[in-house]
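Reviewing the structure listed below.
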Amino acid sequence: MAPRHQAPRGTRDLLPADTRLWRWAEARALQVLERYGFGELRSPMFEEYELFARTAGESSDVVQKEMYRFQDLGERDLALRPEFTAGVMRAYLEHGLGGRARVHRLWSMGPVFRYGRPQKGRYRQFSQINAELVGSAAPGADVEVISLFVDLYEAWGFRDLTVLINSVGQPASRRAYGERLRELLAPFAERLSEDSRRRLEQNPLRVLDTKSEGDLAVLAELRESGAGLPRMIDLLDTDDRAHWDQVLAGLEAAGVAVEIDHGLVRGLDYYTRTAFEVHDRSLGAQSALGGGGRYDGLIEMLGGPPTPGVGFAIGLDRALLVLEERGTAPPLADTVCVVAMDSTRAAAQALVRRLRREFPVEADVEARAFGAQMKAAGKSGARLLVIVGEDEWKQGVVALKDSRTGTQQSVAVDRLADTLRGLLSGQETQGGA
RNA sequence: GUGGCUGUAGCUCAGUUGGCAGAGCAUCGGGUUGUGGUCCCGAGGGUCGCGGGUUCGAGCCCCGUCAGCCACCCCA
């Protein structure tokens with residue numbers, strides 16, 4: 001066939017077989033978000049390029065090589081959103097939400113875009129669920145958000161997820177920590193991998209995240225040595241340290257299990273204090289399912305009043321990849337298939353339309369032979385078959401057959417809806433709950 | 001952005017040293033024009049990802065390109 005066009009690199013189509021699971025997952029997530037009192041904020045899929053460049057940090061990978069940047073016909077410098085937070089905060093300021101209430105709980109869902117080399121679980125257009133709790137610096141806000149984060153995964157059937165958590169402090173203490181690392185690692189530069197030598201220059205904290213055996217050996221050696229290898233939380237100021245302790249205590253009180261990861265670093269510049277992530281091994285190299293943290297300086301960076309915030313992003317594509325591998329599938333509603341004959345086709349059409357006010361009904365549209373319709377009904381998996389036979393129709397009845405048992409009964413046409421209702425009751429709630 | 005592997009029917013995949021493009025599943029038709037899923041018979045469906053080169057001859061060899069995948073970078 002060789003189609004003339006194919007979906008652009010890193011994008012994909014979700015067919016009905018896929019979207020069924022997506023809609024289920026989205027519906028479940030929405031319920032959890034509502035229970036936590038979050039309201040939906042929809043912001044544009046593109047914003048001024050400058051908004052993302054400023055908030056993410058000029059040196060971040062997102063800005064340097066992953067942004068879909070373009071000029072529109074009015075020569076505006078724009079970019080498709082690579083994440084939600086910047087746009088949500090822009091909207092927060094633009095509409096003066098800070099003046100209407102002190103704390104806002106906002107969620108968003110939709111596509112985000114990053115230009116990178118695609119592979120499984122990594123797409124150039126992908127979907128995120130984003131949540132932000134804006135206006136509170138209290139440790140309880142962090143606990144609330146992390147708790148929501150975990151509950152969303154649990155609503156999808158994830159169990160025993162390990163949330164990795166760390167504190168990245170304030171930008172100033174982070175810089176100081178970076179300097180310290182740089183000093184300590186400088187003597188070992190020869191032995192570090194090329195990547196880590198580059199990280200040492202650009203973002204020393206990332207060296208701690210290395211996957212190279214050699215690098216890990218160097219780090220272990222350093223840790224054993226007299227100088228030791230300081231941890232980020234050792235360099236936190238008093239307030240940050242107190243916040244960290246209270247977040248951990250709060251999570252324990254709430255029954256949210258976390259694992260401290262001193263090497264955890266988040267990619268964007270605006271993070272402060274709490275940072276957290278969740279991974280799933282089955283995804284291979286693209287194991288990050290979601291992550292978030294606190295960003296107390298962000299709103300000021302955008303020209304607003306000092307406003308603390310904490311939030312996260314969940315990658316839907318990756319989460320659903322895991323669910324698919326596990327064979328998670330929302331139940332299909334039982335359907336009714338109406339089978340007609342040449343002489344009853346017109347009557348059946350009206351019947352089908354009437355039944356569809358209430359039930360999922362399949363019916364042949366190709367005026368196929370009775371036998372072919374029965375065959376199709378069998379393959380479709382319809383639970384109930386309504387057979388509109390010529391003789392029965394004249395008597396005002398149809399044959400109702402249960403495809404599971406093969407048993408068949410005669411039902412008066414004006415009693416059909418009631419009968420179906422009795423047999424199919426409770427179906428509607430199955431898909432969504 | 002770096003390195004590597006792979007593209008054959010809707011899907012999963014065979015295809016010999018270069019010699020007429022195949023199977024299973026799926027689809028459609030018939031056996032069965034008033035009772036399906038099983039079974040039997042049959043049919044349709046391919047510019048072998050795309051473009052170029054080598055050759056009497058290319059699915060197979062060479063170059064390019066597009067796409068997917070794997071590992072990095074980074075992240076969701």
Side-chain angles (χ1 to χ4, degrees), chain A residues 1-12 15 17 56 59-66 81-85 109 111-130 149 193-196 198-199 202-203 206 209-212 264-268 277-280 283-292 312-322 337 339-344 364 366-393 398-408:
Chain A
M1 35 123 244
R4 205 184 306 271
H5 298 290
Q6 54 193 127
R9 185 164 206 209
T11 69
R12 58 193 185 139
L15 305 181
S59 68
S60 66
D61 272 45
V62 171
V63 173
Q64 290 207 328
K65 57 179 199 189
E66 292 179 353
R81 63 184 177 207
E83 51 122 11
F84 276 96
T85 307
M109 178 159 56
V112 292
F113 306 84
R114 283 182 214 174
Y115 187 90
R117 196 137 143 186
Q119 73 195 68
K120 190 172 187 174
R122 158 174 298 173
Y123 308 101
R124 289 180 174 178
Q125 174 180 329
F126 58 104
S127 280
Q128 288 188 336
I129 293 178
N130 189 263
F149 183 69
S193 65
E194 199 179 315
D195 279 332
S196 282
R198 184 178 48 72
R199 291 193 190 104
Q202 296 177 354
N203 190 350
R206 284 238 168 266
D209 237 357
T210 187
K211 289 169 189 164
S212 146
L264 176 60
V265 181
R266 299 244 78 213
L268 306 178
E277 285 179 5
V278 147
H279 294 258
D280 186 293
L283 288 169
Q286 271 61 52
S287 65
L289 280 180
F312 60 76
I314 286 175
L316 271 168
D317 305 74
R318 288 182 185 176
L320 294 210
L321 231 38
V322 174
C337 188
V339 175
M341 321 217 155
D342 289 338
S343 58
T344 59
D364 175 65
E366 295 176 280
R368 292 195 293 170
F370 179 82
Q373 289 183 56
M374 285 303 287
K375 213 172 244 186
K379 281 177 190 150
S380 79
R383 172 158 165 226
L384 296 167
L385 274 56
V386 172
I387 299 162
V388 188
E390 186 174 354
D391 298 338
E392 292 94 324
W393 187 256
V398 295
L400 179 59
K401 185 165 181 175
D402 186 316
S403 64
R404 296 199 283 219
T405 61
T407 56
Q408 190 166 315

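Please read these numbers as outputs of a predicted model, since none were measured by experiment. Within every chain, numbering begins at 1; the chains are lettered A, B, ... in the order of the sequence lines, protein sequences first and strands thereafter. In what follows, every heavy atom counts, from backbone to side chain, and hydrogens, waters and symmetry copies are set aside.
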Contact class for [X] (heavy atom, under 4.0 Å): base, sugar-phosphate, or nothing?
X        : value
A/Asp317 : nothing
A/Gly378 : base
A/Glu390 : base
A/Ile387 : base
A/Arg266 : sugar-phosphate
A/Gly290 : sugar-phosphate
A/Gly10  : sugar-phosphate
A/Glu392 : base
A/Lys379 : sugar-phosphate
A/Gly381 : nothing
A/Ser403 : base
A/Gln408 : base

Are B/G34 and A/Phe370 stacked, with the base six-membered ring and the side-chain ring centres under 5.5 Å apart and planes under 30°? no
Closest listed nucleotide, where the reference is the side chain of [X] and the choices are [options]:
X        : options             : value
A/Arg114 : B/G34, B/C72, B/C75 : B/C75
A/Pro118 : B/C74, B/G36, B/G68 : B/G68
A/Arg368 : B/G29, B/G1, B/A76  : B/G29
A/Ala399 : B/U35, B/C74, B/G31 : B/U35
A/Asp195 : B/C70, B/C73, B/G29 : B/C73
A/Lys375 : B/C74, B/C69, B/G30 : B/G30
A/Arg117 : B/G1, B/A76, B/U35  : B/G1
A/Ala288 : B/G34, B/C75, B/G36 : B/C75

So what's [N] paired with, Watson-Crick or G-U wobble, going by both distances under 3.5 Å?
N     : result
B/C72 : B/G1
B/G37 : none
B/G42 : B/C28
B/A67 : B/U6
B/U16 : none
B/A58 : none

Think [X] has a side-chain N or O under 4.0 angstrom from the OP1 or OP2 of [N]?
X        : N     : value
A/Arg198 : B/C72 : no
A/Lys211 : B/C73 : yes
A/Gln119 : B/A71 : yes
A/Arg199 : B/C74 : yes
A/Arg122 : B/C75 : no

Take atom [atom1] in [N] and the same atom in [M], then report the distance between them in whole Å.
N     : M     : atom1 : value
B/G36 : B/G51 : C1'   : 49 Å
B/C62 : B/A26 : P     : 38 Å
B/G10 : B/C28 : C1'   : 13 Å
B/C74 : B/C13 : P     : 33 Å

Select from A/Ala377 and A/Gln286 the residue whose nearest nucleotide in RNA chain B is closer to the 5' end of that strand. A/Ala377
Earlier contact from the 5' end, RNA chain B, for A/Pro8 and A/Arg318: A/Pro8
Side-chain contact test, heavy atoms from C-beta onward, threshold under 4.5 Å: evaluate it for A/Ile387 versus A/Gln408 and give yes or no. yes
Using a 4.5 Å cut-off on heavy atoms from C-beta on, say whether the side chain of A/Glu392 contacts that of A/Val388. no
Looking only at heavy atoms, which two atoms of A/Arg266 and A/Gly291 are closest? And how far apart? NH1-C, 3.4 Å
Quick one: pull up [atom1] in [X] and [atom2] in [Y] and give me the separation to the nearest 0.5 Å.
X        : Y        : atom1 : atom2 : result
A/Asp402 : A/Leu384 : CG    : CG    : 5.5 Å
A/Arg318 : A/Gln128 : CZ    : CD    : 9.5 Å
A/Phe113 : A/Thr11  : CZ    : OG1   : 10.0 Å

Charged N-O contact under 4.0 Å between A/Glu83 and A/Arg114: no
